[in-house]
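As structure tokens, the structure follows; a few thoughts come after it.
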Amino acid sequence: MADAIVAEGLVKKYGSVVALDGLDLVVPEGSIMGLLGPNGAGKTTAVRVLTTLLEFDSGRAAVAGLDVVKDARELRKRIGLSGQYAAVDETLTGFENLDMVGRLYHLGRQPSRDRARELLERFDLVDAADRQVKGYSGGMRRRLDLAAALVAKPVVLFLDEPTTGLDPRSRLGMWDVIEELVAGGTTVLLTTQYLEEADRLADQIAVIDHGRVIAEGTSDQLKAQVGGERLELTVASARDVAATRAALGPLAIAEISVDERSHHVVVPVSGGADLLVEAVRLLDADAVKVLDIGLRRPTLDDVFLTLTGHSAEDEKSEEERGA
Amino acid sequence: MNGFVEALADGAVVAKRNLIKVKRVPDLIVFATLSPIMFVLLFAYVFGSAIEIPGMNYREFLMAGIFAQTVVFGATITGTGLAEDMQKGIIDRFRSLPMARSAVLIGRTTSDLLNNVIVIVVMSVTGLIVGWRIHSSFLEALAGFGVMLLFAYAISWGMAVVGLAVRSPEVVNNASFIVIFPLTFIANTFVGTTNLPGPLKAFAEWNPISAVTQAARELFGNTSPGFPAPDVWPLRHPVLASVLWSLVILAVFIPLAIRQYRKAVSR
């Protein structure tokens, strides 16, 4: 199977700030690649380079077999881009927005109209088709923006943080739409800072930090890289913490970590739900007072934390504080 | 489809979109015409009572000046419009489409030109009400409006460069105001230039807005033998000077604007 997106050693600098620091990426045709990283990691810069919007300093990139610099014009006919914030015109109606985009893809007058109607139907915007976008909800705007990216039936679709800023319900709606799309064979490059989103949608995930890919694989592969399951408990007192450590020692496959202040104990284990039963029995036998106990599988959050030394959320709040 | 025809066709799609916006948000055009109407009335009745132009009514003298000022201000919409589209990510969308690189700019400047036509019509009616008259032929009058609109169109391309570089509609608005306001005042727009102090006089005489104003005055027949144009080349050959100014501005700013658009990314 051919590769829909190939990037080799992409470098982009803004003055002394390095936005892309030798980014390498390969996305096979018909798959969804999730580009996962915190704000400022270089996700949007990567999308802009690959969609011909941004010139870069060195490296090479090709999308759908076309060079992003030399064949830019031809390339634009085959890609769709849906941005971080919905790039739709507020004073136009939903129909007018899509019709305009169709005309600018040179579909012709009638085909543009037909395509606009078809997409409005598909994205559940028929009732709102002839209303100004100004009155649309955030979720409706994103759907319209995504529809605009699909007007010319692109072979490669770029979704730059498609659900950032959406409420949970609209986010679920967007996920359904995206999943449906990919079932149709479109190659998708999706950027996100939501680990859950990459987990649910992407076949392959590239974790990106400071402008380069620091890890790549399926969601399961990445999780395996971080390690297996663990028991997480919160106990009532410092005495209980010590007792827990003693009682569960035999179950641990690696060092038990403890937060003395919150009486939180994490025990790396291997063995599934039976192990949880066993643990509860052991604790009960020693009369440890347990407030909360659970068996957790690693999340992409853990992956991210392990790989970068900081969590996605941390970096975000640091930036917000800095701003 | 060859490149040029395609650029025009894409430009027409963008222009149509801009005009739909004007129709939906009429405040823009209402305020764009209200202020010149206010200027016509203020100058005609407040300054008009104090300013004497030998051999003619001040209101006849005034109108070409107000027209010139207004269309130049009208051209600044190009800058604010593009800055707004940048801010909202719409330029990114356009740039990701397989359309001509010049199309967004062609569409924008064209729709702003049409806005200026509407504004000129409204102002002409106001002028006629307060006593302005055209004393030349229909074709000459048309040429007078043509010279002004051509100049405004050229300024639009300059404002496009500003709008794409600055990226904030508010800043474009304020910046263009502090540049354009004096430009349109240190000129022959509202008073004769003869009594201005030395450096201002030289500036006013070579100010392209003076040439445009003088050209329109002559083409409308709003001149008087008792008040001849100063003896400097652009004001003695105002139509030619205005057209030359416009072409030079276009030759400089069209390539600059397209270059700026090519690398413009919203943030």
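Per chain, numbering begins at 1; letters A, B, ... match sequence-line order.
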Which region of [X], side chain (C-beta onward) or backbone (N, CA, C, O), has a non-hydrogen atom less than 4.5 Å from a non-hydrogen atom of chain B, or is it both or neither?
| X | result |
| --- | --- |
| Ala72(A) | neither |
| Ala149(A) | both |
| Thr93(A) | both |
| Glu96(A) | side chain |

Notebook entry, point to check: What part of Lys263(B) is in contact with chain A, defined as an atom under 4.5 angstrom from a non-hydrogen atom: side chain, backbone, both or neither?
Noted result: neither
Looking at [X] and [Y], does any basic side-chain N land under 4.0 Å from a carboxylate oxygen?
| X | Y | value |
| --- | --- | --- |
| Asp160(A) | Arg48(A) | no |
| Arg131(A) | Glu90(A) | no |
| Glu84(B) | Lys88(B) | yes |
| Asp21(A) | Arg212(A) | yes |

Checklist line | Contacts of type side chain to side chain donor-acceptor pair (under 3.5 Å), residue Thr52(A), not counting sequence neighbours | finding: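 Listed in chain order: Arg76(A).
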Checklist line | Any Arg17(B) side-chain heavy atom under 4.5 Å of Asp89(A) side chain | finding: yes
Notebook entry, point to check: In terms of heavy-atom pairs under 4.5 Å, which option from Arg262(B), Lys23(B), Arg101(B) contacts chain A the most?
Noted result: Arg101(B)
Margin query: Heavy-atom pairs under 4.5 Å with chain B: which of Leu75(A), Leu92(A), Thr51(A) has the most?
Written below: Leu92(A)
Next item on the list: Using a cut-off of under 4.5 Å on heavy-atom pairs, state which of Met100(A), Glu74(A), Arg103(A) scores highest against chain B.
Entry: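 Heavy-atom pairs under 4.5 Å are most numerous for Met100(A).
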